[in-house]
Amino acid sequence: MSEGNYVKIRSPPTSLDEIAAQEQRLVLPHFTADTAWELGTRLRARLQRASPKPAVVNITLANSAQLLFHCASGRGTLPDNDTWVARKRAAVLRWGNSTWFLHNKYRGDENAFRAKFMLGERAGEYAIHGGGFPVRVEGVEGVVGVIVVSGLSMQEDHEVIVEVLEEYLQSLKGEKA
């Protein structure tokens, strides 16, 4: 795909209210291995249409860290991408919000974040950079899974997940019609 043919990922909101509204709006009716496959393949395809830069897509269950989907959108990812995946996932699981929400809440100030939660040397276990998103299911309390994208800008890593979740939920409405 030539540079001019890529479809840019829109910019995410930076207001905490707007980010929280995204998270509240993007609740799934169910979440299974099939759901993870559908979301993962949609994310991979969207990432390929968005940028020549490769990214990693990772989807896991929250309670057991069971891996449901993991792939690269193209050649050139590094082991560091998987380190970022683990750090973003850990932040979503501990605080129950997207990493983009955490980034904006603390204005990207990792020192303030570290101090607030007395993380000390463990601060490196968490990343407050966009790209980690909680999976919630209607009628189920708490986070049931985590979707992570790592490889583009933190804004793009976050918003590509939002775009794909919106598209997926819209497609489910079409199936019911």
Side-chain angles (χ1 to χ4, degrees), residues 9-47 50 55-71 73 81-82 84-106 108 113 116-117 125-177:
I9 297 165
R10 68 183 180 225
S11 296
T14 55
S15 141
L16 293 181
D17 289 340
E18 290 178 75
I19 300 166
Q22 280 183 330
E23 293 179 27
Q24 292 164 6
R25 185 177 74 249
L26 299 173
V27 175
L28 301 175
H30 56 272
F31 184 67
T32 65
D34 290 336
T35 311
W37 174 262
E38 180 70 22
L39 292 171
T41 54
R42 285 176 182 237
L43 278 163
R44 183 177 191 268
R46 178 63 181 101
L47 286 162
V56 169
V57 177
N58 179 282
I59 304 175
T60 56
L61 291 175
N63 65 349
S64 63
Q66 182 181 354
L67 180 62
L68 298 178
F69 186 91
H70 187 92
C71 78
S73 65
N81 290 108
D82 291 325
W84 278 97
V85 164
R87 294 176 64 217
K88 291 177 183 185
R89 182 180 186 282
V92 170
L93 290 174
R94 179 160 176 184
W95 287 281
N97 288 104
S98 70
T99 53
W100 183 242
F101 179 90
L102 295 170
H103 175 81
N104 284 280
K105 183 174 183 176
Y106 295 97
F113 181 75
K116 165 81 174 163
F117 296 103
E125 296 173 19
Y126 306 99
I128 59 169
H129 300 265
F133 200 91
V135 175
R136 290 192 172 81
V137 173
E138 293 171 16
V140 178
E141 188 173 337
V143 175
V144 300
V146 180
I147 301 170
V148 179
V149 172
S150 173
L152 303 182
S153 72
M154 72 174 110
Q155 295 87 347
E156 291 169 313
D157 284 352
H158 171 81
E159 198 64 16
V160 73
I161 297 169
V162 171
E163 284 184 15
V164 166
L165 283 169
E166 288 171 346
E167 174 189 286
Y168 175 73
L169 287 169
Q170 190 62 40
S171 76
L172 293 179
K173 288 180 183 177
E175 288 176 9
K176 292 179 184 179

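Scope of the values below: all heavy atoms of this structure, side chains included, with no hydrogens, waters or symmetry mates.
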Roughly how far, to the nearest 0.5 Å, is [atom2] of [Y] from [atom1] of [X]?
X: W100; Y: Q22; atom1: CH2; atom2: CD; result: 10.0 Å
X: N97; Y: I19; atom1: CG; atom2: CD1; result: 9.5 Å
X: R89; Y: T60; atom1: CZ; atom2: OG1; result: 3.5 Å
X: R42; Y: L47; atom1: CZ; atom2: CG; result: 14.0 Å
X: I59; Y: L39; atom1: CD1; atom2: CG; result: 5.5 Å
X: K116; Y: Y106; atom1: NZ; atom2: OH; result: 5.0 Å

Which pair of heavy atoms, one from [X] and one from [Y], lies closest together, and at what distance?
X: A91; Y: A127; value: CB-O, 3.5 Å
X: N81; Y: G151; value: ND2-CA, 3.6 Å
X: P13; Y: E159; value: CD-OE1, 3.8 Å

* Within the side chain of S73, is there an N or O that forms a donor-acceptor pair under 3.5 Å with the backbone of A55? -> yes
* **Donor-acceptor pair, side chain of E23 and main chain of P134, under 3.5 angstrom** => no
* **Residue pairs involving residues 137-158 (criterion salt bridge (charged side-chain N to carboxylate O under 4.0 Å, His left out); sequence neighbours excluded)** => K88-D157
Close side-chain approach of [X] to [Y], heavy-atom, < 4.5 Å:
X: V143; Y: R136; value: yes
X: I9; Y: R46; value: yes
X: I147; Y: V164; value: no
X: P12; Y: H103; value: no
X: F101; Y: W95; value: no
X: T99; Y: Y126; value: no

* Asked: Can V160 and L152 be said to form a side-chain contact (heavy atoms from CB on, under 4.5 Å), step by step?
  -> CA-CA 10 Å; V160 73; L152 303 182; 5.8 Å; no
* Quick one: do V149 and F133 satisfy side-chain contact (heavy atoms from CB on, under 4.5 Å)? Show the steps, please. => CA-CA 9 Å; V149 172; F133 200 91; over 6 Å; no
* Structure fact -> Residues passing the side chain to side chain contact (heavy atoms under 4.5 Å, CB included) test with Q66, sequence neighbours excluded, are L61, S64, L68
Quick one: side chains of residues 25-36, donor-acceptor pairs under 3.5 Å with protein atoms, not counting sequence neighbours, listed by atom name and distance.
residue	atom	partner	partner atom	Å
R25	NH2	E166	OE2	2.6
T32	OG1	D34	N	3.2
T32	OG1	T35	N	3.2
T32	OG1	T35	OG1	3.2
T35	OG1	T32	N	3.1

